[in-house]
Amino acid sequence: MKPGKIMPALWFFTPDGKVEHLIHYYQNVFKDHFEAGTIIPLGETPGGYAEMCTIRFFGQAYHIMSTSKEHHPFNDAFAIVVHCSNQEEIDAYWDYFTKEGKESQCGWCQDRFGLRWQIIPENMGALLQTPNGNAVMMKQKKIVVSEYHS
């Protein structure tokens, strides 16, 4: 898998340092919209056993690395936004990521590996322009589109 000139690099922690845990987890939710390149074992590093790989979600490439020693955890300074076409798609991603992760607010959540996601409808900008749109969003964890039309 040929990477782009510039791509985000994400450093994960898995107890054994293997990226296959990440690949299976993300492949399970993104299905045909996910691809993984060759796993490159790095062996023992200052971060413990480590592996790396290039993956793609919906064609967007990310370089991922996993180490067996926890490093800097992810935080809200970086999130991946998923623009969903309907409530069913919002529900599917939200439920998958929060099952073993955590809910936040305004469509933000984190998955079981701590990576932050913002799961929002494609027309979020238009929804925010409805009467009290921002107030509706501020009360929500998962975005529920029908609440903007009440």
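Sequence positions, counted from 1, serve as the residue numbers for this chain.
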Peer 1: Name the one of Val82, Asn86, Val145 that satisfies side chain to side chain contact (heavy atoms under 4.5 Å, CB included) with Pro121?
Peer 2: Val145
Peer 1: Nearest 0.5 angstrom please: Glu103 CD to Asp95 CG, how far?
Peer 2: 9.0 Å
Peer 1: Quick one: which residue pairs count as a salt bridge (charged side-chain N to carboxylate O under 4.0 Å, His left out) with a foot in residues 70-81, not counting sequence neighbours?
Peer 2: Asp76-Arg116
Peer 1: Step by step, would you call Asn134 with Met138 a side-chain contact (heavy atoms from CB on, under 4.5 Å)?
Peer 2: CA-CA 6 Å; Asn134 191 55; Met138 295 307 289; 4.1 Å; yes
Peer 1: Which atoms form the tightest heavy-atom contact between Gly133 and Tyr148, and what is the distance?
Peer 2: O-CE2, 3.3 Å
Peer 1: Return yes if some donor-acceptor pair links the side-chain N/O of Thr98 with the main-chain N/O of Gly101 below 3.5 Å, else return no.
Peer 2: no
Peer 1: Roughly how far apart are Ile119 CD1 and Cys84 SG, rounded to 0.5 Å?
Peer 2: 5.5 Å
Peer 1: Side-chain heavy atoms nearer than 4.5 Å, only ILVMFWY residues, links allowed to pass through others: does that put Phe30 and Ile80 together?
Peer 2: yes
Peer 1: Output every pair passing salt bridge (charged side-chain N to carboxylate O under 4.0 Å, His left out) with a member in residues 80-92, not counting sequence neighbours, ordered by first then second residue.
Peer 2: Asp91-Lys142
Peer 1: Might you point out which heavy atoms bring Arg56 and Ala61 nearest each other, and give the distance in Å?
Peer 2: NH1-CB, 3.4 Å
Peer 1: From Ile90 CD1 over to Ile143 CD1, what is the distance, rounded to the nearest 0.5 angstrom?
Peer 2: 7.0 Å
Peer 1: With clusters defined by side-chain heavy atoms of hydrophobic residues (ILVMFWY) lying less than 4.5 Å apart, directly or transitively, does Val19 cluster with Tyr49?
Peer 2: no
Peer 1: Can you tell me how far apart CZ (Arg112) and OG1 (Thr14) are? Round to the nearest 0.5 Å.
Peer 2: 9.5 Å
Peer 1: So which of Tyr25, Tyr96, Tyr26 actually passes side-chain hydrogen bond (donor to acceptor under 3.5 Å, both in side chains) with Asp111?
Peer 2: Tyr26
Peer 1: Is there a side-chain contact between Gln60 and Pro8, using heavy atoms and a 4.5 Å cut-off?
Peer 2: yes
Peer 1: Start with the C-alpha distance between Ile120 and His83, add both sets of side-chain angles, then the distance that settles side-chain contact (heavy atoms from CB on, under 4.5 Å), and finish with yes or no.
Peer 2: CA-CA 5 Å; Ile120 59 173; His83 294 103; 3.8 Å; yes
Peer 1: Using only atom types and a distance under 3.5 Å, with no angle test, would you say the side chain of Thr54 pairs donor to acceptor with the backbone of Gly37?
Peer 2: no
Peer 1: Do Leu10 and Leu42 land in one hydrophobic cluster if side-chain heavy atoms of ILVMFWY residues count as linked below 4.5 Å?
Peer 2: no
Peer 1: Measure the spacing between CD of Glu44 and OG of Ser68 and express it to the nearest 0.5 Å.
Peer 2: 6.0 Å
Peer 1: Tell me whether the rings of Trp11 and His71 are parallel (<30°), tilted (30 to 60°) or perpendicular (>60°).
Peer 2: parallel
Peer 1: Distance from Ser85 atom OG to Glu122 atom CD, nearest 0.5 Å?
Peer 2: 5.5 Å
Peer 1: Classify the ring geometry between Trp117 and Phe97 as parallel (under 30°), tilted (30 to 60°) or perpendicular (over 60°).
Peer 2: parallel
Peer 1: Enumerate the salt bridge (charged side-chain N to carboxylate O under 4.0 Å, His left out) contacts for residues 13-32, please, sequence neighbours excluded, ordered by first and then second residue.
Peer 2: Lys18-Glu51
Peer 1: If you group Ile, Leu, Val, Met, Phe, Trp and Tyr by side-chain heavy-atom gaps below 4.5 Å, do Tyr93 and Phe34 land in one group?
Peer 2: yes
Peer 1: Is there a path from Phe13 to Ile55 through hydrophobic residues (I, L, V, M, F, W, Y) whose side chains come within less than 4.5 Å of each other?
Peer 2: no
Peer 1: Name the orientation class of the two ring planes belonging to Phe113 and Phe12 (parallel below 30°, tilted from 30 to 60°, perpendicular beyond 60°).
Peer 2: perpendicular
